[in-house]
S.K.: 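I am attaching a structure below and will ask some questions about it afterwards.
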Amino acid sequence: MAGSLFCSECGAKLITGAHLTTQSIPKGTSDILGNPPKPQSSPLQDPDNKSGAYISLHLLESGQILNLVGRTEFTLGRVGERQPILPDIDLSPYDAYVQGVSRLHALLKISDQVVIVTDLGSSNGTRVNGQKILPHIDYPLNHGDVVALGKLKIQILIHK
């Protein structure tokens, strides 16, 4: 596409840094979630949970629910051609490419009885309840939080 800085197919840089200029932005209120908040959810326990899932992903646009079972860590992303490492949860069927989801976008994990999200250095970023999170930093999630991978919005359902 005209004006693109990176190739939409492979992610290669199209313009060298020598041609770009940086504009100074004054300090002010930021929409970046700085320090991770403390989780408000209680330990993950549900003896009546028939699916065995501690976490479910509610895809807001399609209304589908994906139950995450059998592991304590799940990578979220989309499958691309000749991709050596595949995500645990492939979001390709949900227009992930169009929505700006990276091949390996984020990591969800259950750690010390809380659910944590980590952006894996994605191209279009990850947001929690509308606030952008910094890459490679763990952020605790609460039941009902909305995580946006690019433009793809997913509500986190934690079964207690």
Side-chain angles (χ1 to χ4, degrees), residues 1-23 25 30-34 36-37 39 41 51-111 114-159:
M1 293 179 101
S4 295
L5 299 177
F6 297 94
C7 174
S8 62
E9 294 294 320
C10 68
K13 194 173 189 181
L14 299 175
I15 299 174
T16 63
H19 301 292
L20 299 175
T21 58
T22 303
Q23 181 181 2
I25 299 174
S30 173
D31 66 344
I32 294 177
L33 189 58
S41 58
S51 70
Y54 288 124
I55 307 169
S56 295
L57 306 179
H58 176 217
L59 302 169
L60 294 179
E61 191 170 301
S62 69
Q64 289 189 288
I65 294 180
L66 305 174
N67 292 315
L68 305 184
V69 291
R71 306 172 92 173
T72 58
E73 292 189 2
F74 301 90
T75 54
L76 304 174
R78 63 178 172 82
V79 174
E81 290 183 25
R82 293 178 242 117
Q83 182 177 347
I85 301 173
L86 301 175
D88 297 321
I89 307 298
D90 179 18
L91 298 170
S92 299
Y94 311 102
D95 286 333
Y97 179 77
V98 174
Q99 298 283 346
V101 177
S102 294
R103 289 179 180 105
L104 287 176
H105 197 106
L107 173 71
L108 282 177
K109 60 184 170 180
I110 300 170
S111 174
V114 294
V115 178
I116 293 175
V117 65
T118 306
D119 181 86
L120 297 175
S122 63
S123 297
N124 294 308
T126 302
R127 293 180 177 269
V128 175
N129 296 325
Q131 293 186 302
K132 188 170 184 173
I133 64 172
L134 298 172
H136 309 291
I137 296 178
D138 293 347
Y139 290 89
L141 295 173
N142 297 302
H143 177 75
D145 283 350
V146 175
V147 175
L149 308 178
K151 293 180 186 175
L152 182 66
K153 292 184 179 178
I154 301 169
Q155 185 178 31
I156 305 298
L157 304 176
I158 301 173
H159 305 282

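Everything quoted here is computed from the prediction, not taken from an experiment.
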S.K.: Quick check for you: to the nearest 0.5 Å, what is the distance between Tyr139 atom OH and Arg127 atom CZ?
M.R.: 12.0 Å
S.K.: Do side-chain atoms of Arg78 reach the backbone of Val101 as a donor and acceptor pair under 3.5 angstrom?
M.R.: yes
S.K.: How about Glu61 and Gln99: do any of their side-chain heavy atoms sit closer than 4.5 Å?
M.R.: yes
S.K.: Is the closest side-chain donor-acceptor distance between Ser122 and Asn124 under 3.5 Å?
M.R.: no
S.K.: When rounded to the nearest 0.5 angstrom, what distance separates CG in Leu60 from CG in Leu152?
M.R.: 8.5 Å
S.K.: Quick one: closest heavy-atom pair of Gly144 and Gln155, and the distance?
M.R.: O-NE2, 3.4 Å
S.K.: Has Thr126 got a side-chain atom pairing as donor or acceptor with Ile133's backbone, closer than 3.5 angstrom?
M.R.: no
S.K.: Just how far is it from atom OG1 of Thr72 to atom CD1 of Ile116, taken to the nearest 0.5 Å?
M.R.: 11.0 Å
S.K.: Examine the side chains of His159 and Ser56 and answer whether a donor and an acceptor come within less than 3.5 Å of each other.
M.R.: yes
S.K.: First locate atom CD1 of Ile55, then atom CG of Asn67, and finally report the distance between them rounded to the nearest 0.5 Å.
M.R.: 10.5 Å
S.K.: Find out whether Leu76 and Leu107 are in side-chain contact, i.e. whether some heavy atom of one side chain is under 4.5 Å from a heavy atom of the other.
M.R.: no
S.K.: Could you tell me whether the side chain of Gln83 and the main chain of Ile85 form a donor-acceptor pair under 3.5 Å?
M.R.: yes
S.K.: If you round to the nearest 0.5 Å, how far is CG of Leu134 from OG1 of Thr118?
M.R.: 11.5 Å
S.K.: Residues in side chain to side chain donor-acceptor pair (under 3.5 Å) with Thr75, at least two apart?
M.R.: Asp88
S.K.: For the side chain to side chain contact (heavy atoms under 4.5 Å, CB included) test, which of Ile89, Leu141, Ile154 pairs with Leu108?
M.R.: Leu141
S.K.: Evaluate the side-chain proximity of Val115 to Val117: yes if any heavy-atom separation is below 4.5 Å, no if none is.
M.R.: no
S.K.: Has His143 got a side-chain atom pairing as donor or acceptor with Ile158's backbone, closer than 3.5 angstrom?
M.R.: yes
S.K.: Which heavy atom of Asp90 sits nearest a heavy atom of Ser92, and at what distance?
M.R.: OD1-OG, 2.6 Å
S.K.: Provide the closest heavy-atom pair for Val79 versus Pro87 in the form atom of the first, atom of the second, distance.
M.R.: CG2-CD, 4.3 Å
S.K.: Is the side chain of Asn129 donor-acceptor paired with the backbone N or O of Asp145 at a distance under 3.5 Å, no angle test?
M.R.: no
S.K.: Counting only N and O atoms by type, is there a donor-acceptor contact under 3.5 Å from the side chain of Ser102 to the main-chain atoms of Ser123?
M.R.: yes
S.K.: Is there side-chain contact between Leu66 and Leu59, with heavy atoms separated by less than 4.5 Å?
M.R.: yes
S.K.: Starting from the C-alpha separation in whole Å, work towards a yes-or-no answer on side chain to side chain contact (heavy atoms under 4.5 Å, CB included) for Lys153 and Val147.
M.R.: CA-CA 6 Å; Lys153 292 184 179 178; Val147 175; over 6 Å; no
S.K.: Between Lys132 and Asp119, is there a side-chain N and carboxylate O pair less than 4.0 Å apart?
M.R.: no
